[in-house]
Amino acid sequence: MRIAVTGGIGAGKSYVCHLLGQWGVRVYDCDAAAKRLMHTSEELQQDLQKLVGKDVYREGVLQKAVLAQFLLTSEANKQAVNDVVHPAVAKDFEASGYEWLESAILFDSHFDRRVRFDFIVCVTAPLEIRVNRVMNRDGISREKALEWIHRQLPQEEVVRQSHFEVVNDGQRPILPQLETLMNKLKSIQS
């Protein structure tokens, strides 16, 4: 069974995945994998050089400023990079042996179309909590945090496309929600 954990920036996906890890659930981190692959996969490096230009790597080292400049130039450039990176991440996930995957932009990036998931879990939190988490975590302004949040699909839409919601609002305990989730998954598998 393949399970994806998703949710917008600041919702607390990583925290929920950390809790799952304490229960022995190994969760594949798409963001970490993309960064790793951009540094280690010769095929991906060649594809990025064809797309962005030879300067995106110097002596095998990713030039983040060059990539960022390319990404920020247009939405089409951003999509073109995603169309190179996401298939590499999907292939890596499928070869990893992991059943669980964490992706902030599962639906935004259409990653859910690259890999078939049996079950999708959405982690949610109220907007103000998300804004404060992002501001504190990244040391950015409220305006910038809101800008990042509004670049992603609306939380309600992500919930609508998911099978299960974990509310991470600081009020409702998460562990009972995860116990309910795990029981639901066990009942599906049997």
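Among all heavy-atom pairs drawn from E102 and S14, the shortest one is OE2-OG, 2.9 Å. Counting all heavy atoms, side chain and backbone alike, R26 lies closest to W100 at O-CB, 3.5 Å. Of all heavy-atom pairs spanning Q45 and H39, the tightest one is NE2-O, 3.0 Å. What you find for S109 and H86 is that their closest heavy atoms are CB-CE1, 3.2 Å. The minimum heavy-atom distance linking I129 with D169 is given by the pair CD1-O, 3.2 Å. Taking all atoms of both residues into account, the shortest heavy-atom contact from C122 to G7 is SG-CA, 4.3 Å.
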side-chain contact (heavy atoms from CB on, under 4.5 Å) between M182 and L20: does it pass, once the steps are laid out?
CA-CA 10 Å; M182 298 308 267; L20 288 166; 4.3 Å; yes

Give the C-alpha distance, both sets of side-chain angles, the deciding distance and a yes or no for side chain to side chain donor-acceptor pair (under 3.5 Å) between Q161 and E157.
CA-CA 6 Å; Q161 294 185 57; E157 179 61 23; 2.8 Å; yes

The test is salt bridge (Lys or Arg N to Asp or Glu O under 4.0 Å); show your working for D92 and R36 and say whether it passes.
CA-CA 11 Å; D92 188 65; R36 174 179 49 81; 2.5 Å; yes

Carefully, step by step, assess K50 and D47 under the rule side-chain contact (heavy atoms from CB on, under 4.5 Å).
CA-CA 5 Å; K50 286 178 196 165; D47 289 345; 4.1 Å; yes

Criterion salt bridge (Lys or Arg N to Asp or Glu O under 4.0 Å) on D29 and K13, from CA distance to verdict
CA-CA 10 Å; D29 182 336; K13 289 173 310 305; over 6 Å; no

Show your working on side chain to side chain donor-acceptor pair (under 3.5 Å) between E179 and N183 and close with a plain yes or no.
CA-CA 6 Å; E179 287 172 8; N183 288 334; over 6 Å; no

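Of the possible polar contacts, none joining the N168 side chain to the A125 backbone as a donor-acceptor pair under 3.5 Å is found. T6 contributes a side-chain N or O that, together with a main-chain N or O of S103, makes up a donor-acceptor pair within less than 3.5 Å. Without hydrogens or angle criteria, Y57 side chain to M38 main chain gives a donor-acceptor distance under 3.5 Å. Counting only distance, with no hydrogens or angles, the side chain of Q152 and the backbone of W148 share no donor-acceptor pair below 3.5 Å. When atom types are taken as modelled, the side chain of Q49 and the backbone of V56 share no donor-acceptor pair closer than 3.5 angstrom. The backbone N or O of V115 sits nowhere less than 3.5 Å from a side-chain atom of E94 that would complete a donor-acceptor pair.
Two different hydrophobic clusters hold L37 and V27 under the rule that ILVMFWY side chains link at heavy-atom gaps under 4.5 Å. Cluster membership for V159 and I105, using ILVMFWY side-chain heavy atoms within less than 4.5 angstrom, is not shared. Hydrophobic clustering (ILVMFWY, side-chain heavy atoms < 4.5 Å, transitive): V167 and L127 are in distinct clusters. Cluster annotation: I140 and L71 are assigned to distinct hydrophobic clusters (Ile/Leu/Val/Met/Phe/Trp/Tyr, side-chain heavy-atom contacts under 4.5 Å, transitive). Placement of M1 and F111 in two distinct hydrophobic clusters is found when ILVMFWY residues are connected by side-chain heavy-atom separations under 4.5 Å, directly or transitively.
Checking each of V123, L101, I120 against V5 for a side chain to side chain contact (heavy atoms under 4.5 Å, CB included) leaves exactly one that passes, namely V123.
With values rounded to the nearest 0.5 angstrom, K54 atom NZ is found 11.5 Å from L48 atom CG. Once rounded to the nearest 0.5 Å, the distance linking CG of D83 with CG of L51 reads 9.0 Å. In this structure, R160 CZ and E165 CD are separated by 14.0 Å, a value rounded to the nearest 0.5 Å. The structure places CZ of F107 at 8.5 Å from CG of L153, a figure rounded to the nearest 0.5 Å. N77 contributes atom CG, which lies 11.0 Å from atom CG of N82 (distance to the nearest 0.5 angstrom).
By the 4.0 Å N-to-carboxylate-O rule, R151 lies close enough to E147 to be salt-bridged with it. Between R2 and D112 there is no salt bridge, since no side-chain N of the basic residue sits under 4.0 Å from a carboxylate O of the acidic one.
A 4.5 Å side-chain heavy-atom check between L185 and F119 finds at least one atom pair inside the cut-off. The closest side-chain heavy-atom distance from W23 to L175 is below 4.5 Å. Proximity of I149 to V131: side-chain heavy atoms (C-beta onward) are separated by under 4.5 Å at one or more points. Contact check for I9 versus R133: no side-chain heavy atoms found under the 4.5 Å cut-off. The shortest distance between side-chain heavy atoms of I3 and D118 does not fall below 4.5 Å.
Residue R113 qualifies as open at atom CZ: its count of foreign heavy atoms under 6.0 Å is 12 or below. The local environment of CD in Q63 is crowded, with over 12 non-hydrogen atoms from other residues, nucleotides or ligands closer than 6.0 Å. The number of heavy atoms from other shown groups lying within 6.0 Å of CD (E42) does not exceed 12.
At a cut-off of 3.5 Å, with distance as the only test, no side-chain donor of Q155 or T124 sits close to an acceptor on the other residue. Looking only at atom types and distance, the side chain of N132 has no donor-acceptor partner in the side chain of E128 under 3.5 Å away.
Note on ring orientation: taking the six-membered ring where Trp is involved, the planes of Y98 and Y28 are perpendicular (angle over 60°, cut-offs 30° and 60°).
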